[in-house]
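Values below: every heavy atom of this structure, side chains too, minus hydrogens, waters and symmetry copies. Both ligands and their constituent atoms are indexed starting at 1 by order of listing. FYI, the numbering just counts along the sequence from 1.
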Amino acid sequence: MILTSKNIIVLKETDSTNNYAKQLIVDKAEEGTVVLARYQKEGKGQQGNFWESEAQKNLLCSIILYPRFLAAGKQFYISKIVSIALFNVLQRKVSEVSVKWPNDIYVGTKKIAGILIENTIKGSTLDSSIIGIGLNLNQTKFISNAPNPVSLKQLSKQNYVVEDVLSEFVNEFNGLLMQLKAGKYNAIEKLYLSVLFRNREWWTYRTSEKEFEARIIGIGDFGQLHLEDRRGEINEFMFKEVEFVI
Ligand code: BTN
């Protein structure tokens, strides 16, 4: 994927950049097309949540890919490389950055960015992928009931230029995408684990049934979290089957 400015569509306002990108795919948009919005009326978060972002303040974008080289069963690797790329950008600016499984970007115990990836599959491989990113840059007041938002400005007292941060992200992402295309799954997995929030540390987790102490010991190909509890029992959890007690 080569991202150049000719591939960037900048919108003053839209419902959701992911939805806009979906339509572009129908219209056969080029790979690498970026939709950047100053404001989203219906920004989508994980699990049907709303993504809060004050107008003009933050990075709100969706990138179109056609990862036909990637087996459907390996789609979580897209999520991994997006998370690592965001981690790389942010850790140059602030400390204590990590990736909270599956793909929230945290600074300490606060969420600075969210990722919403929407894939389509054809046959045994991915066909298209919309990589939606919301990264809080310059917003200093959050009004929704999102539990623990934070922005770069709140942390560093500086202002950030949306396009500059986007271009830093795109550079990081391109490098990782090349690694993925080259089949460097183990290297990517290792990187992802090295930046993972609370990896291998004993903490409390919660399912619908109970709270228990456990530690992360790995991530499955489908993105399942592998947790070992205090009795040495290992269980796999899909997204939303378990949550961190923070
Ligand atoms: C999450 O809940 O953590 C995911 C949030 C993803 C938000 C971004 S903002 C740009 C893109 N367009 C959307 O509607 N959502 C994603």
*Short list, please: which atoms of ligand 1 are under 4.0 Å from a heavy atom of L60?*
9 (S)
*Using a strict cut-off of 4.0 Å, indicate which atoms of ligand 1 neighbour a heavy atom of K44.*
5 (C), 6 (C), 7 (C), 13 (C), 14 (O), 15 (N), 16 (C)
*Would K12 count as a cation-pi partner of Y39, with NZ or CZ less than 6.0 Å from the six-membered ring centre and within 45° of the ring normal?*
no
*Within the distance-only criterion (no hydrogens, no angle test), does the side chain of N159 pair as donor or acceptor with the backbone N or O of K153 below 3.5 angstrom?*
no
*Parallel, tilted or perpendicular for Y192 and F76, by the 30°/60° rule?*
perpendicular
*Would you say I115 contacts ligand 1, with heavy atoms under 4.0 Å as the rule?*
yes
*Taking atom 5 (C) of ligand 1 as the reference point, the nearest protein heavy atom with its distance*: W51 CE3, 3.4 Å
*Return yes if a side-chain donor-acceptor contact under 3.5 Å exists between N103 and S83, otherwise no.*
no
_Location of contacts on I133 toward ligand 1, heavy atoms closer than 4.0 Å_ = backbone
*Qualifying residue, where the test is side chain to side chain contact (heavy atoms under 4.5 Å, CB included) with Q40 and the options are T17, L11, D15, N18*: T17
*May I ask you to list the atoms of ligand 1 that are less than 4.0 angstrom from any heavy atom of G43?*
14 (O)
*For ligand 1, which atoms have a heavy atom of D104 less than 4.0 angstrom away?*
3 (O)
*asked:* Is the positively charged end of R215 above the ring of W203, judged by distance under 6.0 angstrom from the centroid and angle within 45° of the axis?
replied: no
*Using distance alone, with no hydrogens and no angle criterion, decide if Y106 and N148 have a side-chain donor and acceptor under 3.5 Å apart.*
yes
*Taking only heavy atoms of C61, which atoms of ligand 1 are found under 4.0 Å from at least one of them?*
10 (C), 11 (C)
*Is T17 close to ligand 1, meaning an N/O of one under 3.5 Å from an N/O of the other?*
yes
*Test of proximity, Q46 against ligand 1: N or O pairs below 3.5 Å*: yes
*Applying the side chain to side chain contact (heavy atoms under 4.5 Å, CB included) test to I131, which of V34, V82, L116 qualifies?*
V82
*asked:* Using a 4.0 Å cutoff against the non-hydrogen atoms of G45, which atoms of ligand 1 qualify?
replied: 1 (C), 2 (O), 4 (C), 5 (C)
_If only side-chain N and O atoms count, and only distance matters, is there a donor-acceptor pair under 3.5 Å linking Q139 with E52?_
yes
*Which of the atoms in ligand 1, numbered in the order shown and given with their element, are less than 4.0 Å from a heavy-atom of S16?*
12 (N), 13 (C), 14 (O)
*Please confirm whether K111 comes under 4.0 Å of ligand 1, counting heavy atoms of the residue only.*
yes
